[in-house]
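Presented below is the structure to which this report refers.
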Amino acid sequence: MGRLGALGALVLLLPATLPAQDAATRAALTRFRDSLAVVADTARLRHLAMQYDDIRAAGETGALAAMRAGYTWLALARPAPATRSFRRAARLAPRWPTPWHALGTAHELQGRQAAANAANLGPRPGAGAYEAAGEDFGGALDREPAYPDALADFARLALARRDSTLAAKALARFDRIPADGLTSTLALNKGRLERRLGRLDAASSTFGLAAVDDPDGAALYERARVTLALGRASGGEDYWGAVAAAREPTLELLRRDLALIATPGELAAWDSAPDPAAFLHAFWRDRDARDLRAPGERLREHFRRVAAAEQRFLLGDTRRAAWLYDAIDAIDSILDDRGVVYVRQGDPDIRLTPYVFGFVANETWRYRRPDGDLLLHFGAQHSVDDFRLVERVEEITKTGGTDMGMMYLSRTPAADEYSKVLGWGPFGRSDVLDFLWDIGAASIRVGTTTDAQPLRFAAPLEVWVTPLAIGAAPGGTELQVMYGFVLSGQNTIDTVRVRFSAFDSLGHAVAMLDTTELVRRPGRSVAGGVLIGRVVARVSAGEWRWRAAVQAGDSAGSLLPEARLTARRHDGTELAVSDLTLGIIGRAVLWRPTPADSALLSPFGGVRLDRPVELYYEVYGLPEGAAYQTTIRLRRDGKRERSRLTLTFEEVAHAATVRAHRTLDLKEMDPGEYVLEVEVSTGVPGRRAPALSTRSLTVQGN
């Protein structure tokens, strides 16, 4: 028997008359509908649909034929005739919920087709059909409040359309069902609607009900999202529990979260990761380390931002006319551009939402960062629901007026440069506008491709931090992290907290420390009201990036810009010179590399002409007894002139690690910026390439 013949036999098994739709009739209709999905002969399907439509029996017999016709038209992706058939079924069997559920499915298909048709203009094609689908699903639930298929499809429609009104209507239907009447699937759908509407506490409880039967970790993951957004410690446990249990489609949900902040390289690594849990542990650990945060802090902040962005910046059921935008429009998200930036960068330090006559709704955000501020402009360019990034305020769409003066004036709280635009002549104005344009373009690039949760402090602190790669450590090199800060009359400070991290070019953490020290003024406070100290980290040899923050007391502190460091090998395989330490008595701390040796370490890059400077460095890779030559040079920074100071020494290595002390007298130098170089060379085979170490130095006047 052919596929269509079996389909006809199935139809004949349906009861002809029923007092109300029972489970058997519904199951048979479901099997009939599902069997159509495997029929590829569209001509025969069309013929069958018309045959069913020709059956004009009264009552429920006619309703059965109309349902069969409607399902067949749906299999042909013909929502208009399907809608007519389902409406006829609803008239003939007014107590049945299935015609209304099927009618909603047909209207939803009609909406998708309208949205996919480029000839339908406007930001919301198909919106009317989607609204009708919601009403139809509601009609099915009027007849059977706990009809699971209609509840599930109503929730799915509201969430897919990102429509808060539709979501509220769907949730009202779920609220009619007592908690003990919710299956795990229904509880999962209800919780997602509650989360969409910002009811996070209720969603957490509902997802708890769904987690009772949670084979793929979806309910646990959803509960983790809301509990993390609420800042609860249990959210981390839920998240990692969901990760451990995750299978498809939960793995896809986890990937969607990553896509909000991950780089393309990180997403590619996730796609090929043999162990998703290990990948995610490393991903969030690296984010914590890079932002100098406690373990788990960045994860909680991520979901707080996502929850807030979904309430404030959800894109809604809006078609983005991609052809209207240029190459900077590389964002594909359910959030508008403000939401994309918000999830990556958090709350801006300045957010301007002015009304400027003659322009569409617009905003400017400024993020204050030690690595350079971000200045971002948004305009509701073609829809009030869709704010788009623009590189400069001149690109915000005009609605009538052409005078930019009010626009510039409205931006002066975010950037002082706009006041210069208003007051300067044409040449100066052009230069400032070009400068602001460059900042805008760079800010879009950074704001939409990176993410951060920078530390912020209530009171600023003038801070110096210098990590010096010097000193052997098991499996790597010691970093002597020197810090200093101006006390500024804050006599109540009793603790100093130092946070430091080092990471590779991909952002993977290689070192992290977070330590709090008691302030003991004797021996710590030096002339000029500066307090200095030292903490130690360990890294392997290589080129690393680092950042640090120093906090004094409860509220004063400073986050330093990201910088680079080099940790040289000291395992004897190659000739190498450590970082160079400079110390002045009274402005340095004493470090003992061995019990019998000591060196002065200072975080400052400046020295005075009237004080001798203690230079300390280490040489690695020389066999004991080997002769070597050391040359010390001091030259002007950025200039190729002859060295202002050159010292040369012929020496013999008396140990595997040479610890060298030199005293530099700089009183004949002119004040200014210099580069200090230490070069070591030897004739030992395999070590003939000279080793060089340099550092910047500021020579200050008396």
Side-chain angles (χ1 to χ4, degrees), residues 228-229 231 260-263 266 283-309 338-352 364-376 414-415 439-440 442-465 467 481 483 485 496-516 535 537 544-565:
L228 285 167
L260 294 172
I261 61 173
T263 65
E266 288 171 329
F283 180 88
W284 292 113
R285 182 191 64 236
D286 290 342
R287 287 302 195 276
D288 284 328
R290 188 193 61 191
D291 290 331
L292 305 175
R293 296 287 178 172
E297 196 171 349
R298 186 67 181 85
L299 178 66
R300 290 193 298 274
E301 172 65 9
H302 173 70
F303 283 104
R304 185 202 67 78
R305 291 180 183 178
V306 170
R338 296 170 302 173
V340 170
V341 172
Y342 184 87
V343 171
R344 288 181 172 274
Q345 311 298 336
D347 293 288
D349 295 284
I350 298 175
R351 180 185 178 188
L352 301 179
T364 289
W365 294 7
R366 181 163 191 155
Y367 291 90
R368 302 196 185 282
R369 304 170 2 134
D371 301 293
D373 290 4
L374 301 181
L375 189 65
L376 296 152
I439 290 178
S443 295
I444 290 176
R445 183 173 61 255
V446 174
T448 60
T449 61
T450 68
D451 65 284
Q453 186 190 3
L455 294 169
R456 288 182 168 86
F457 300 97
L461 197 66
E462 188 176 1
V463 169
W464 298 265
V465 174
V481 182
Y483 67 87
F485 60 89
V496 177
R497 183 178 181 183
V498 180
R499 282 170 276 198
F500 176 90
S501 69
F503 38 93
D504 63 18
S505 60
L506 297 177
H508 302 317
V510 298
M512 175 71 182
L513 67 85
D514 184 348
T515 182
T516 300
V535 293
W544 314 114
R545 295 181 292 163
W546 66 272
R547 76 177 323 146
V550 178
Q551 179 178 341
D554 295 330
S555 59
S558 181
L559 174 66
L560 277 75
E562 185 181 299
R564 297 181 180 274
L565 65 87

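Counted within 6.0 Å of CG on Asp554, heavy atoms from surrounding residues, nucleotides or ligands total 12 or fewer; the atom is thus considered open.
In this view, Val446 and Arg369, Leu374, Thr450 satisfy the side chain to side chain contact (heavy atoms under 4.5 Å, CB included) rule, not counting sequence neighbours. Tyr342 meets the ring pair (Phe, Tyr, Trp, His ring centres under 6.0 Å) test with Phe313; sequence neighbours excluded. Applying the ring pair (Phe, Tyr, Trp, His ring centres under 6.0 Å) test to Trp544 and every residue at least two apart in sequence or in another chain returns nothing. Remark: Arg290 engages Asp451 in a salt bridge (Lys or Arg N to Asp or Glu O under 4.0 Å) (not counting sequence neighbours). Residues meeting the side chain to side chain contact (heavy atoms under 4.5 Å, CB included) test with Arg499, sequence neighbours left out: Leu292, Leu455, Phe457, Arg497, Asp514, Gln551. Residues satisfying the side-chain hydrogen bond (donor to acceptor under 3.5 Å, both in side chains) criterion with Arg545, sequence neighbours excluded, are Glu562. Residues satisfying the salt bridge (Lys or Arg N to Asp or Glu O under 4.0 Å) criterion with Asp371, sequence neighbours excluded, are Arg547. Under the side chain to side chain contact (heavy atoms under 4.5 Å, CB included) criterion, Ala415 pairs with Arg366, Leu375, Glu417, Tyr418, not counting sequence neighbours. Residues passing the side-chain hydrogen bond (donor to acceptor under 3.5 Å, both in side chains) test with Trp464, sequence neighbours excluded: none. Residues passing the ring pair (Phe, Tyr, Trp, His ring centres under 6.0 Å) test with Phe485: none are found, sequence neighbours excluded. Annotation: side-chain hydrogen bond (donor to acceptor under 3.5 Å, both in side chains) contacts of Glu266 (sequence neighbours excluded): Thr263, Arg287.
A distance of 5.5 Å separates CH2 of Trp546 from CG of Leu560, quoted to the nearest 0.5 Å. For the atom pair CD (Gln345) and CD1 (Ile261), the distance works out to 10.5 Å, reported to the nearest 0.5 Å. Residue Tyr367 holds its OH atom at 11.0 Å from OG of Ser443, rounded to the nearest 0.5 Å. Interatomic distance, His302 NE2 to Glu297 CD, rounded to the nearest 0.5 Å: 15.0 Å.
What you find for Val343 and Ala309 is that their closest heavy atoms are CG2-CB, 3.8 Å. Across Arg344 and Thr449, no two heavy atoms sit closer than the pair NH1-C, 3.3 Å.
Within the 4.5 Å cutoff, the side chain of Arg368 has heavy atoms near those of the Ile350 side chain.
Judged by distance alone, the side chain of Arg298 and the main-chain N or O of Asp291 form no donor-acceptor pair under 3.5 Å. Judged by distance alone, the side chain of Asp288 and the main-chain N or O of Gly296 form a donor-acceptor pair under 3.5 Å.
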Just distance, no hydrogens or angles: give the donor-acceptor pairs under 3.5 Å from side chains in residues 501-513, sequence neighbours left out.
from: Ser501; atom 1: OG; to: Ala289; atom 2: O; distance (Å): 2.8
from: Asp504; atom 1: OD1; to: Leu506; atom 2: N; distance (Å): 3.0
from: Asp504; atom 1: OD1; to: Gly507; atom 2: N; distance (Å): 3.0
from: Asp504; atom 1: OD1; to: His508; atom 2: N; distance (Å): 2.8
from: His508; atom 1: ND1; to: Asp286; atom 2: OD2; distance (Å): 2.9

Audit row: Leu260, Arg305, side chain to side chain contact (heavy atoms under 4.5 Å, CB included) steps and yes/no: CA-CA 11 Å; Leu260 294 172; Arg305 291 180 183 178; over 6 Å; no

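The existence of a salt bridge linking Glu301 and Arg304 is confirmed by a sub-4.0 Å separation between a basic side-chain nitrogen and an acidic carboxylate oxygen.
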